[in-house]
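Structure, as structure tokens:
Each chain gets a letter, A, B and so on, in the order the sequences are listed, and its residues count up from 1.
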Amino acid sequence: MPDQPHKPSDVEIIRRIINGDVNSFEHLLKKYQDHVLMIAKKHVPYIEVEEMAQEVFVRAYQALPGFKEEGSFKQWLSAIAVRTCYDFWRKQYRSKELPISDFTDSHRDWMEKTLSNQFDISFNERSHTEEARELLDWALDRLSAEDRIVLELEYLEGLSVKEAACLLGWSVAKVKVRSFRSRRKLKKLLTESMVD
Amino acid sequence: MKSLQHRHEVLKKILRKAYYEKERVKVGKQWHQDLMCRIRGLGPIETGTYFFMLFEQFFWRLTPATCFLIFISVTLLFKLDFSPKYDILASLIYDTEEVTLAQLFEF
């Protein structure tokens, strides 16, 4: 039986890169590009996804000497990806280049139907999901970068406070406070928009 | 009350579903090549630069603690009567040695 070709581990690849073999980075790129793209897709607007994912890998490449070999590379890369997305929103809010969408009548109708229990959890209509997405984007655009990222990680992705804190590099207490505030703001935004 | 909570749960589930819909976005193949070109353009990693970056990062993090320690140290030094004693100061001001030497030369 022929020997299986030796597949280098992440740590071995990282050592090679640090020793000057830049091309080895392609192994890491191929292995984790889907994972990074998936994070970027969820956190930044569609047109920014490719640029953001590139930025994540460039940051990871430059920070490779700081990677602790006993930890998981995927986890480490995820943290860089989430922080890069968070930085994107911080920049956007600072430069006030945020695309603000409007709360339309169709959004209001959608909200009324949802809250009046006319929708079942199992509803699966594409148009309704798109309306929900538009509404979600509308609400998220009105939150601060901190509130936005915490809400996305904890409320929408269902991560625990500890996991979110680990990804963002924040304390657990800070994530808890932000989470509470952001949920309250989201609720206020959605209910106020119904009244207006 | 239970009904309101149920509605919010429904809303949460729908928003989550909508959020995960974002994953369906397609990315071009050129992306991979562009990124590798960018990485090659950066060249081999300079570990020295990385340590400098780390130093810079920790320098600002440790600044408040350092300022606090300096403040405590200065306060303690004053409390422990570190100020120069009058006698030492006087011996420097009224240095009699010079006079003696002058007298010697006169001689």
Side-chain angles (χ1 to χ4, degrees), chain A residues 17-23 25-26 29-30 33-34 37-46 49-51 53-55 57-58 61-66 110-111 114-117 119-124 126 128-137 139-140 152 155-158 186-187 190, chain B residues 1-69 72:
Chain A
I17 299 165
I18 292 170
N19 290 329
D21 182 8
V22 182
N23 290 326
F25 192 74
E26 202 160 2
L29 178 59
K30 276 181 184 163
Q33 65 177 10
D34 290 340
L37 280 166
M38 201 181 72
I39 294 173
K41 280 175 193 174
K42 281 189 284 191
H43 293 288
V44 295
Y46 168 62
V49 169
E50 289 187 15
E51 178 59 32
Q54 282 201 8
E55 187 61 32
F57 278 107
V58 169
Y61 174 74
Q62 288 172 325
L64 273 181
W110 184 89
M111 273 291 289
T114 310
L115 291 178
S116 64
N117 241 354
F119 278 77
D120 191 62
I121 303 169
S122 62
F123 93 106
N124 203 14
R126 180 93 187 146
H128 292 150
T129 314
E130 275 170 16
E131 276 173 345
R133 260 200 66 188
E134 283 172 15
L135 184 75
L136 184 64
D137 287 337
L140 290 174
E152 285 178 342
Y155 183 76
L156 297 168
E157 287 186 32
L186 180 74
K187 198 175 166 186
L190 295 176
Chain B
M1 186 69 188
K2 201 178 176 183
S3 169
L4 187 74
Q5 201 178 350
H6 172 71
R7 281 179 214 171
H8 278 119
E9 277 302 310
V10 173
L11 182 67
K12 187 178 170 179
K13 280 188 178 167
I14 294 168
L15 290 177
R16 267 190 185 181
K17 192 174 185 288
Y19 178 72
Y20 278 101
E21 278 287 305
K22 290 182 177 184
E23 284 181 13
R24 292 188 182 192
V25 175
K26 293 256 182 333
V27 176
K29 283 181 180 174
Q30 188 63 28
W31 174 84
H32 181 273
Q33 290 168 357
D34 290 346
L35 176 57
M36 269 321 287
C37 280
R38 208 169 145 185
I39 295 288
R40 285 189 190 104
L42 290 171
I45 306 166
E46 287 173 37
T47 41
T49 317
Y50 183 76
F51 283 122
F52 179 72
M53 273 163 61
L54 268 185
F55 169 76
E56 202 180 59
Q57 192 184 341
F58 283 106
F59 177 81
W60 291 114
R61 278 190 186 177
L62 293 172
T63 305
T66 314
C67 290
F68 179 71
L69 275 175
I72 294 288

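A/Tyr61 and B/Pro44 make their closest contact through OH-CA, 3.6 Å (heavy atoms, listed as atom of the first residue, atom of the second, distance). Heavy atoms only, all atoms of each residue included: A/Glu50 and B/Trp31 are closest at O-NE1, 2.9 Å. Taking each heavy atom of B/Ile39 and A/Phe57 in turn, the nearest pair found is CD1-O, 4.1 Å. When all heavy atoms of A/Val22 and B/Gly43 are compared, the pair lying nearest together is CG2-C, 3.9 Å.
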Open item on the list: If you apply the rule side chain to side chain contact (heavy atoms under 4.5 Å, CB included), what do you find for A/Glu157 with B/Tyr19, and how did you get there?
Closed with: CA-CA 8 Å; A/Glu157 287 186 32; B/Tyr19 178 72; 2.7 Å; yes

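Checked against salt bridge (charged side-chain N to carboxylate O under 4.0 Å, His left out), B/Arg38 has the following partners two or more places apart in sequence or in another chain: A/Glu51, A/Glu55.
For a residue to count as touching a neighbouring chain, one of its non-hydrogen atoms must lie under 4.5 Å from one of that chain's; by this rule A/Asn23 touches chain B with backbone and side chain alike. For A/Leu37, the part sitting under 4.5 Å from any heavy atom of chain B is the side chain, from C-beta outward, and nothing else.
Between A/Glu26 and B/Arg40 the shortest side-chain heavy-atom distance falls below 4.5 Å. The side-chain heavy atoms of B/Arg16 and A/Tyr155, taken from C-beta on, include no pair separated by under 4.5 Å. Proximity of B/Leu35 to A/Val58: side-chain heavy atoms (C-beta onward) are separated by under 4.5 Å at one or more points.
In terms of heavy-atom pairs under 4.5 angstrom with chain B, the leader among A/Gly20, A/Ala40, A/Ala53 is A/Ala53.
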